[in-house]
Amino acid sequence: MVNQEIAEIFDQMSRALAFKGKDRFRALAYERAAGSLRGLDRDVIGLAREKKLKEIPGVGHDLSEMIEEYIKTGHIRRCEREMRAVPGALIEMMDIPGLGPKTLGLLHEKFRIKNVDDLRRLIEKGSLAGLRGFGDKKIENLRRGIELYQSSKQRRRLGMVLPLAEKLVDEARKMKLVERADLAGSIRRGLETVGDIDLLISSRKAEEALREFIKLPAIKRVTALGGTRASVLIEGNLQVDVRAVPKESYGAALQYFTGSKQHSVHLRTIAQKRGLKINEYGVFRGDKRIGGENEEDTYSALGIKMPPPELREDRGEIEAATEGDLPKLIEEGDLRGDLHTHTTWSDGRSSLEEMVEAAAKLGLEYIAITDHSPSARIANGLDIDRLERKIEEVESLRKKRGRRNPRVLMGAEVDILSNGKLDYPDEVLARLDVVVASLHGAFRQNKDRMTGRLLDAIANPYVHIIGHPTTRLLGSREPVEFDFERVVEAAAEAGVALEVNGSPSRLDLNDVMARAASEAGAPLAIDSDAHSAAQLEQTRYGVIQARRGWVEARLVVNTWSWPRISRWLRRRRKAT
DNA sequence: GCCGTTTTCGGCCCGACTGTTTTCAGTCG
């Protein structure tokens with residue numbers, strides 16, 4: 001998406017400016033604009049056409065011209081000129097912990113280093129020793145920083161980190177010196193990937209509590225320890241930052257450390273305008289604390305309602321909270337069923353019966369079993385003969401279970417073939433309760449063909465859901481290119497649901513797209529895409545992403561009661 | 001570079017920790 005490409009350029013530009021060290025506020029301006037672009041739920045191309053680019057927060061005269069230039073030419077000459085002066089690898093090196101623009105600038109100037117290897121050689125040869133400002137510890141920290149950077153460059157998926165983080169919170173809550181403990185930071189906001197775990201505790205003896213915390217068995221190494229803060233590494237070199245604050249500041253600290261940075265900056269400017277000051281210790285009028293023990297009163301002291309953590313990206317939630325206009329976000333408990341699951345019939349690891357039993361334990365009212373269609377050969381897709389036999393098994397299971405929940409729906413995840421046709425003929429689709437249509441191959445067709453395939457699938461009256469619409473895999477496959485606005489429009493028109501796939505490596509649609517879809521009135525389905533019984537709980541991550549996308553339950557089809565969703569499942573078939 | 005019921009110029013969020021300093025700069029979140 002063009003938005004992301006431009007955001008990337010602005011980010012690089014910001015870091016290049018920080019490296020040059022001339023005007024940090026200019027660097028900040030680029031950073032802010034990049035953040036706005038990332039969270040935008042509309043394509044900048046459309047905004048440019050309507051001359052509305054300046055409505056994007058942080059985008060003014062110059063940056064709007066740059067965006068226009070990029071749309072026209074694919075380049076931004078001013079940025080390219082500025083960035084040419086800074087080797088690209090240097091900009092990346094700012095990700096090394098402990099290495100910021102100043103140190104990097106100094107090393108570049110003195111030793112002409114161009115990349116990580118240069119820096120490592122410098123350290124190994126001992127060339128840094130004796131340099132002003134470079135003591136033994138700083139050099140050792142740089143060496144470790146490089147190590148850490150290379151072993152954990154990639155951000156981890158939320159689905160991998162969240163369970164570990166929740167275990168740590170539990171451990172912390174068990175500690176005698178700890179009164180309260182909560183996750184903060186990006187993990188609390190539910191970002192699809194996170195770089196570290198932020199943990200907040202309250203204690204009357206902060207320093208002691210931290211000293212006790214760092215002794216937990218999960219902690220492998222301590223990288224920093226002070227009176228209010230500790231940084232440690234747990235398994236997989238995952239960094240955990242723990243802060244300890246007194247009880248009366250807990251809410252303010254939770255707000256502060258949850259962020260996002262942009263959200264907090266916005267809050268502080270509001271505080272300033274009202275003659276208040278907000279920091280991690282509370283909200284203050286002069287020296288008097290007027291809020292901060294709980295998160296709600298921290299916000300209400302500023303005169304606004306508390307937005308759920310998932311919304312705190314400065315994407316309009318502060319304005320909405322000020323006007324008392326926050327959405328009522330979907331919650332995990334709103335889900336009544338799962339419409340996309342696999343079994344041993346195709347590439348799942350649990351049997352049909354095991355899946356249904358697990359769904360019963362989770363309290364689901366209905367579950368669709370949607371194994372792959374024949375083109376998905378590696379996934380052991382079902383040809384029509386095997387599909388027939390599976391239908392029989394589903395029917396006998398239904399008889400056996402009687403009226404116990406969940407209702408078992410016969411379904412399939414059907415490939416959308418390269419020509420836009422579906423992988424089963426219509427008369428076969430007609431026998432299925434639930435049809436999820438998904439792209440599984442031929443991802444590199446041009447944008448028009450891709451759009452066409454999705455529109456064809458939506459037009460098919462037997463299709464209920466478009467599965468993982470962009471097919472992206474976090475950290476390994478880019479989303480396919482298609483005209484998202486047209487697809488959303490068609491889905492809204494036809495009443496076909498777009499999936500928010502809960503698999504931690506997919507999360508597809510993502511937050512921003514889910515928001516655009518729901519604003520356009522397209523139905524959504526939050527599914528697990530489970531390939532084993534345990535994975536049925538993956539819908540949790542789908543819900544988190546949907547919440548980040550401002551999604552309310554009413555648009556999510558699998559929050560609907562059985563009578564309602566069964567009408568929806570059959571509605572386009574009555575005519576045929 | 002952005003932005004404005006205190007401002008179209010002059011601000012731009014705030015504090016902790018570390019390491020190397022003898023009073024503070026750099027980094028981080």
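It should be emphasised that the depicted structure is a prediction, and the values quoted were computed from it without experimental measurement. Residue numbers begin at 1 in each chain, while the letters A, B, ... track the order of the sequences. Just so you know, these numbers use all the heavy atoms, side chains as well, and skip hydrogens, waters and symmetry mates.
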How would you summarise protein contacts on nucleotides 19-29 of chain B per nucleotide, using B for base, S for sugar-phosphate only and - for none, with heavy-atom distances below 4.0 Å?
SSS----SSSB
Between A:Arg243 and A:Asp198 (salt bridge meaning N to carboxylate O under 4.0 Å), is one present in this structure?
yes
How far, in whole Å, is B:dT8 from B:dC3 if one measures between their C1' atoms?
9 Å
Integer-rounded Å distance: B:dG1 C1' and A:Lys54 NZ:
13 Å
Separation of B:dG15 atom C1' from A:Gln255 atom CD, nearest Å, is 14 Å
Separation between CZ of A:Arg312 and CZ of A:Arg315, rounded to the nearest 0.5 Å:
14.5 Å
Using whole Å, what does the distance between atom C1' of nucleotide B:dG1 and atom CZ of A:Arg26 come to?
7 Å
Test: A:Arg78 and A:Glu69 ion pair at under 4.0 Å:
no
If pairing requires Watson-Crick or G-U wobble contacts with both distances under 3.5 Å, which nucleotide is the partner of B:dT8?
none
How many whole angstroms separate atom CG of A:Leu17 from atom C1' of B:dG1?
9 Å
Reference residue A:Glu192; test salt bridge (Lys or Arg N to Asp or Glu O under 4.0 Å); the match among A:Arg156, A:Arg472, A:Arg548
A:Arg472
To the nearest angstrom, the CD1-P distance between A:Ile56 and B:dG1 comes to 17 Å
B:dG1 and B:dT5: how far apart are their P atoms, nearest whole angstrom?
23 Å
Could you tell me how far B:dT20 sits from B:dT27 if I compare only their P atoms? Round to whole Å.
13 Å
Assign each of A:Thr223 and A:Ile278 the nucleotide of DNA chain B bearing its closest heavy atom; nearer the 5' end lies the nucleotide of A:Ile278
Electrostatic pair A:Glu147-A:Arg143, nearest N-O below 4.0 angstrom:
yes
Considering every strand and a 4.0 Å limit on heavy-atom distances, what is the contact class for A:Leu267: base, sugar-phosphate, or nothing?
nothing
What's the CD-C1' distance between A:Gln272 and B:dT7, to the nearest Å?
13 Å
Charged N-O contact under 4.0 Å between A:Arg15 and A:Asp95:
yes
Look at the side chain of A:Asp62 and decide which nucleotide, out of B:dG15, B:dC2, B:dC17, has an atom nearest to it.
B:dC2
Categorize A:Gly185 for me: base, sugar-phosphate, or nothing, with a 4.0 angstrom heavy-atom threshold over every strand shown.
nothing
Atom-to-atom span, CZ of A:Arg24 to P of B:dC2 - whole angstrom
18 Å
Strictly below 4.0 Å, N to O, side chains only: are A:Arg84 and A:Glu80 in salt-bridge contact?
no
Between B:dT21 and B:dA25, how far apart are the P atoms? Round to whole Å, please.
13 Å
With a 4.0 Å cut-off on heavy atoms, is A:Lys273 in touch with a base, just the backbone sugar-phosphate, or nothing at all?
nothing
Pairwise P distance, B:dG11 and B:dT18 [rounded to whole Å]:
34 Å
Whole-Å gap separating P (B:dT6) and CZ (A:Arg274)
11 Å
Check ion pair A:Asp170-A:Lys167 (N to O, under 4.0 angstrom)
no
C1' spacing across the pair B:dC9 / B:dA16, given as an integer number of angstrom
33 Å
